Amino acid sequence: MIGMDRQFKLYAFIKEIIKDTFSLSWLLFKVMIPVLIIVKIMQELGFIEYFSMALEPLMGLIGLPSSMGLVWATTIVTNIYGGMVIFFSMQEPMTVAQVTVLSALMLLAHGLPIEVRITQLAGLRVIFVVLLRLISAFIFAYLLHLIYSSGNWLQDANVIIFEPQEIDHSWLGWAKNETLNLIKIVGVIFSLVTLLKILRLIGVERVLIFLLKPILKRIGIAEEATTITIVGVTLGLTFGGGLLIQEANKGHVSAKDIFLAMSLLSICHSLIEDTILTSLLGGHISGILFVRLIFSLLLIWGLAYVVAKCDSKTMERWFMRNKKEDTEKVSEQPLVENK
C-alpha cells in the first residue's frame, strides 16, 4: 500500500509538471508565433533599415559610430543574436569601451515585439514598457560612456574572438530555425517547472528567498514573487515572465509585485546567456554585468518609490491596465486586481 501510494504521488507529480509545461508553453506560443511572423515580414520589407536611421544621430551622443544604429535597431526588433550578426558583418574598428556601451544598449532593449507582448499579458501597459526599456538603455549606455571616457578606461582596440555561423535568411530556413527554437523552449520550460517544484519540496526555495528577500524587499518585491523573479533575471524574461503570469493567474502574486517584478525583468534578465553573448562581442564584464545589476536595482527602487506615491487611477492610466481592459483573458481570474 505504501509503495502504491508513493507511485500515485509520483504519477500526480509528473502529471502536474506536464500540465504546467503545456499550459505555460501554450501561453507563450500564442504570443510568440504571431509576433515572430510579423517581425519576419518587417525584416523583409526593410523596416529595420528605416528604424536604424532614426537611431543613428543618438549614437554620437554615447561615443559610437552612426552605423551602430543599425545594430541596435536589429537587436530591438529581433534579438541579441540578430544584432550580433549585423555587428560582425560590419567589421567596424571600435574600442572595448565602445563595444561595452553598445552592449549596454543591446542588453536593456532587445526583442521588444515578443518581450513587450509578454509584459502586456502580465498587465503592464505597452507604452510604459517600451519607454522604460528604450530610455533606460540609452541612459545606461550614456553613463557607461561617461565613466569610461572620464577615466580613459578600456580604450584598447576591441578584438573579435568569435563569429557566428552564417544564417539562412530564406523563409524556409527561418521556419526551420524558429521551429527548433520553440522546441527548445518547451524543453527549457519543462526543466524549469520541474526544478522549481523540486526546490520547493526540498526547501531550497525558502533559502533563496531568505538570501535575496532583503534586496528585493528593498525595491518593493514581496517574497511570493522572489523565486520566479530570480528565474527571470538569470534565465530570461520569456521564462520568468511566463511563470510569473501563471502564478498570478492562480492568485499567488499581487498586482503590485507583478508590476515591479516585470519591470525589473524588462531591464535585467537572462544574466547568464546575454552576458556571455555580449562578452563575445567584446563587452567588458564591468559594464555588461556589475554596473548593469546596480543600475537595474537602483532604477526599480526609484520606480517603486514613484509607484508608492501613485493612486490607483494614476497606476491604471500610466503603468498597468484595468482588468476591464483585458479583452484577451489568459484565465478565468483577472491578472490585475481591482485596486
Side-chain angles (χ1 to χ4, degrees), residues 39 42-43 45-113 115-116 127-164 266-268 274-275 277-296 298-299 302:
V39 168
M42 290 169 62
Q43 287 179 280
L45 294 176
F47 171 81
I48 295 177
E49 284 75 11
Y50 291 111
F51 182 34
S52 69
M53 294 179 185
L55 297 177
E56 286 179 359
L58 297 176
M59 298 298 100
L61 298 177
I62 52 179
L64 297 180
S66 60
S67 59
M68 291 301 106
L70 179 59
V71 176
W72 192 29
T74 304
T75 303
I76 290 172
V77 177
T78 59
N79 49 44
I80 290 180
Y81 289 98
M84 289 175 69
V85 171
I86 301 299
F87 175 80
F88 289 127
S89 68
M90 288 184 169
Q91 297 293 322
E92 184 86 43
M94 295 172 66
T95 65
V96 176
Q98 286 179 310
V99 175
T100 305
V101 170
L102 174 64
S103 298
L105 294 175
M106 298 171 71
L107 285 167
L108 268 66
H110 60 261
L112 294 197
E115 294 187 350
V116 170
I127 187 63
F128 164 73
V129 179
V130 171
L131 291 177
L132 172 68
R133 296 193 64 171
L134 292 177
I135 294 174
S136 63
F138 188 80
I139 292 174
F140 178 42
Y142 183 71
L143 288 175
L144 285 181
H145 169 60
L146 290 180
I147 292 171
Y148 294 141
S149 58
S150 64
N152 201 33
W153 293 313
L154 305 181
Q155 298 305 311
D156 298 332
N158 183 55
V159 178
I160 296 176
I161 59 175
F162 168 83
E163 292 190 31
S266 292
I267 62 173
C268 186
D274 289 357
T275 300
L277 290 177
T278 48
S279 68
L280 294 175
L281 291 175
H284 195 268
I285 194 71
S286 62
I288 63 178
L289 181 59
F290 300 122
V291 180
R292 175 188 174 197
L293 268 173
I294 295 171
F295 175 83
S296 300
L298 287 176
L299 181 61

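Fair warning: this is a prediction, and the values are worked out from it, not measured in the lab. For reference, positions follow the sequence shown, starting with 1.
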request  = List the steps and the verdict of side chain to side chain contact (heavy atoms under 4.5 Å, CB included) for Leu144 and Ile62.
outcome  = CA-CA 9 Å; Leu144 285 181; Ile62 52 179; over 6 Å; no
Side chain to side chain contact (heavy atoms under 4.5 Å, CB included) assessment of Phe138 paired with Leu61 = CA-CA 10 Å; Phe138 188 80; Leu61 298 177; 4.0 Å; yes
message = Let's go through Val85 and Thr74 carefully: what are the C-alpha distance in whole Å and the side-chain angles of both, what is the deciding distance for side chain to side chain contact (heavy atoms under 4.5 Å, CB included) to 0.1 Å, and is it a yes or a no?
response = CA-CA 9 Å; Val85 171; Thr74 304; over 6 Å; no
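For the residue pair Leu132 and Ser266, the shortest heavy atom distance occurs at CD2-CB, 4.4 Å. Smallest separation of non-hydrogen atoms from Gly287 and Thr100: CA-CG2, 4.0 Å. Of all heavy-atom pairs between Trp153 and Ala97, the closest is O-CB, 3.7 Å. Here the closest heavy-atom approach between residue Leu64 and residue Gln98 is recorded as CD2-O, 3.2 Å. Across all their heavy atoms, Thr95 and Gln155 have their closest contact at CG2-O, 3.6 Å. Summarising the geometry of Ile139 relative to Phe295, their closest heavy-atom pair is CG2-CE1, 4.1 Å, with the distance given to 0.1 Å.
Using a distance-only test at 3.5 Å, with no hydrogens or angles considered, no donor-acceptor pair links the side chain of Asp274 to the main chain of Leu108.
The list of salt bridge (charged side-chain N to carboxylate O under 4.0 Å, His left out) pairs with a residue in residues 85-101, not counting sequence neighbours, is empty. Among residues at least two apart or in separate chains, there is no side chain to side chain donor-acceptor pair (under 3.5 Å) pair with a member in residues 49-64. Contacts classified as salt bridge (charged side-chain N to carboxylate O under 4.0 Å, His left out) and involving residues 131-152 (residues at least two apart or in different chains) are given here: Glu115-Arg133. Identified under the salt bridge (charged side-chain N to carboxylate O under 4.0 Å, His left out) test for residues 62-71, with sequence neighbours left out: none.
Atom CD1 of Ile267 and atom CG of Leu299 lie 4.0 Å apart (nearest 0.5 Å). With rounding to the nearest 0.5 angstrom, the OG atom of Ser103 is 9.0 Å from the CE atom of Met84.
Aromatic ring orientation, Tyr142 versus His145: tilted (interplanar angle from 30° to 60°).
Here the side chains of Thr75 and Leu105 are not in contact, with every heavy-atom distance at 4.5 Å or above. Looking at Cys268 and Leu293, their side chains come closer than 4.5 Å, going by heavy atoms from C-beta outward. In this structure, Leu112 and Val129 have side chains that are not in contact, with every pair of non-hydrogen atoms separated by 4.5 Å or more. Within the 4.5 Å cutoff, the side chain of Ile76 has heavy atoms near those of the Leu134 side chain. A heavy-atom distance below 4.5 Å is found between the side chains of Val291 and Phe140. The side-chain heavy atoms of Thr275 and Arg292, taken from C-beta on, include a pair separated by under 4.5 Å. A heavy-atom distance below 4.5 Å is not found between the side chains of Leu277 and Met106. Looking at heavy atoms from C-beta onward, Ile48 lies out of side-chain contact with Met42 at the 4.5 angstrom threshold.
Every residue was checked against the ring-ring contact (aromatic ring centres under 6.0 Å, His included) condition with Phe87, not counting sequence neighbours, and none meets it. Every residue two or more places apart in sequence or in another chain that forms a side chain to side chain donor-acceptor pair (under 3.5 Å) with His284 is listed here: Ser286.
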